[in-house]
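Contents: one structure, followed by commentary.
Below, chains carry the letters A, B, ... as their sequence lines are ordered, and counting in each starts from 1.
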There are 2 protein chains.
Amino acid sequence: MDTSDLPANILDPDCPSRVIFQRIGDKWASLVVQVLADGPIRFSELRKMVHVVTPKVLTQTLRTLERDGLITRTVHAQVPPRVDYELTELGASLLEPLTLLRLWAEDHVPSILKARDAYDDAQDEAVIRD
Amino acid sequence: MDTSDLPANILDPDCPSRVIFQRIGDKWASLVVQVLADGPIRFSELRKMVHVVTPKVLTQTLRTLERDGLITRTVHAQVPPRVDYELTELGASLLEPLTLLRLWAEDHVPSILKARDAYDDAQDEAVIRD
DNA sequence: GTCGCTGGTATCCATGAGGTAACTAAGTTC
DNA sequence: GAACTTAGTTACCTCATGGATACCAGCGAC
């Protein structure tokens with residue numbers, strides 16, 4: 001088999017690109033990045049934008065994004081505290097492919113839901129035939 | 001706040017596009033789709049391409065992809081059995097945004113690893129200062 | 001008759017992701 | 001001095017994902 005044009009590194013479980021690729025698919029990370037596209041935002045506002053996320057999980061997500069250099073965290077010496085999160089240049093560069101993927105998902109929702117219905121119907125018929 | 005240009009549906013926990021968007025980030029699904037880019041492939045070959053995946057998990061992944069209409073499953077009446085998996089048109093259309101994302105990940109591995117090192121070093125220093 | 005091949009299934013189990021709820025710091029307001 | 005604010009932290013718990021292992025069908029070869 002010819003594998004020369006395959007993403008050999010992504011298929012290699014030990015390659016960092018695989019880990020990074022999967023981080024993008026993280027439940028919250030990609031959502032946060034897309035919210036930050038509009039500019040800096042503070043913790044509590046972010047929570048409101050991405051519904052239902054608990055502070056613990058949001059903090060975890062933000063820390064890994066910060067660690068990976070995709071966002072910056074700016075603490076303002078105020079009381080009550082104010083912390084702003086903002087995309088770095090690196091984070092902003094992720095926005096383009098991520099947006100394409102989001103558009104794909106939004107565009108193909110009907111096709112996928114239709115495929116699911118057809119599949120489930122076929123399954124039901126198969127059960128009846130048994 | 002102006003949310004008119006935000007992906008409101010993806011931020012809505014109840015919108016199917018959110019589920020679909022996250023399915024793409026699935027540990028194995030996106031890998032499988034990219035392997036299938038080269039054309040039909042059978043179960044055991046797929047297992048070899050995507051290292052270390054157990055048959056159970058691979059089957060699960062393939063079933064959901066099939067249910068969502070991204071791949072087709074063709075059983076050949078042979079002994080020993082032969083089953084081919086192939087991208088549908090819908091699945092092939094996912095290839096483009098997915099490839100862009102993969103290229104982004106591969107391109108930015110060094111930047112991210114560098115950011116991580118810098119972050120971890122800063123953490124270490126902070127601990128020493130305590 | 002039993003070994004091997006393919007494409008799975010069945011069962012059990014461990015890890016970890018994520019949720020809940022309570023708590024904290026630290027200054028401002030009442 | 002009690003209450004309110006923001007941005008978390010901490011301890012605890014639950015449940016789903018995914019991994020390990022074993023097994024099966026059905027036919028051909030030995």
Expected output: side-chain A:Gln22 to main-chain B:Lys27 donor-acceptor under 3.5 Å = yes
Residue whose nearest DNA chain C nucleotide is more 5′ - A:Thr54 or A:Pro81 | A:Thr54
Expressed in angstrom and rounded to an integer, what is the separation of B:Tyr85 atom OH from C:dG7 atom P?
-> 8 Å
Among C:dG18, C:dT9, C:dA26, the one nearest A:Val79 by side-chain distance | C:dA26
A:Arg63 atom CZ is separated from C:dA17 atom P, nearest whole Å, by 17 Å
Quick one: do B:Tyr119 and A:Arg67 satisfy side chain to side chain donor-acceptor pair (under 3.5 Å)? Show the steps, please.
-> CA-CA 6 Å; B:Tyr119 184 89; A:Arg67 189 170 105 102; over 6 Å; no
Taking OP1 and OP2 of C:dT6, is either one under 4.0 Å from a side-chain nitrogen or oxygen of B:Arg42?
-> no
More 5' along DNA chain D: B:Gln60 or B:Pro55, using each one's nearest nucleotide?
-> B:Gln60
When we call it a touch if two heavy atoms are under 4.0 Å apart, what does A:Arg47 touch: a base, just sugar-phosphate, or nothing?
-> nothing
Spacing of B:Glu45 atom CD relative to C:dG8 atom C1', expressed in whole Å | 16 Å
Count the heavy atoms belonging to other residues, nucleotides or ligands that lie under 6.0 Å from CD of B:Glu89, then report whether that count exceeds 12.
-> no
Interatomic distance where CH2 belongs to A:Trp28 and P belongs to C:dG18 [whole Å] | 8 Å
Using a 4.0 Å heavy-atom cut-off across all strands, classify A:Lys56 as base, sugar-phosphate, or nothing.
-> base
Among A:Thr61, A:Val32, A:Asp84, find the one that has a side chain to side chain contact (heavy atoms under 4.5 Å, CB included) with A:Leu46.
-> A:Val32
Kindly say whether B:Val53 contributes a backbone atom to a donor-acceptor pair with the side chain of B:Arg47 at under 3.5 angstrom?
-> yes
Would you kindly give the CZ-to-P distance between A:Arg23 and C:dG16, to the nearest whole Å?
-> 14 Å
Provide, to the nearest angstrom, the distance between the NZ atom belonging to B:Lys48 and the C1' atom belonging to C:dG7.
-> 13 Å
Has B:Thr59 got a side-chain N or O lying under 4.0 Å from the OP1 or OP2 atom of C:dG8?
-> no
Nearest-0.5 Å distance that lies between atom CD in B:Glu86 and atom CZ in B:Arg73 | 14.0 Å
How would you give the extent of chain B contacts on DNA chain D, as first and last nucleotide 5' to 3' within a 4.0 Å heavy-atom cut-off?
-> D:dG18 to D:dC27
Hey, is the main chain of B:Trp28 close enough, under 3.5 Å, to the side chain of B:Asp26 for a donor-acceptor pair?
-> yes
Would you tell me if any nitrogen or oxygen in the side chain of A:Lys27 comes within less than 4.0 Å of OP1 or OP2 on C:dG19?
-> yes
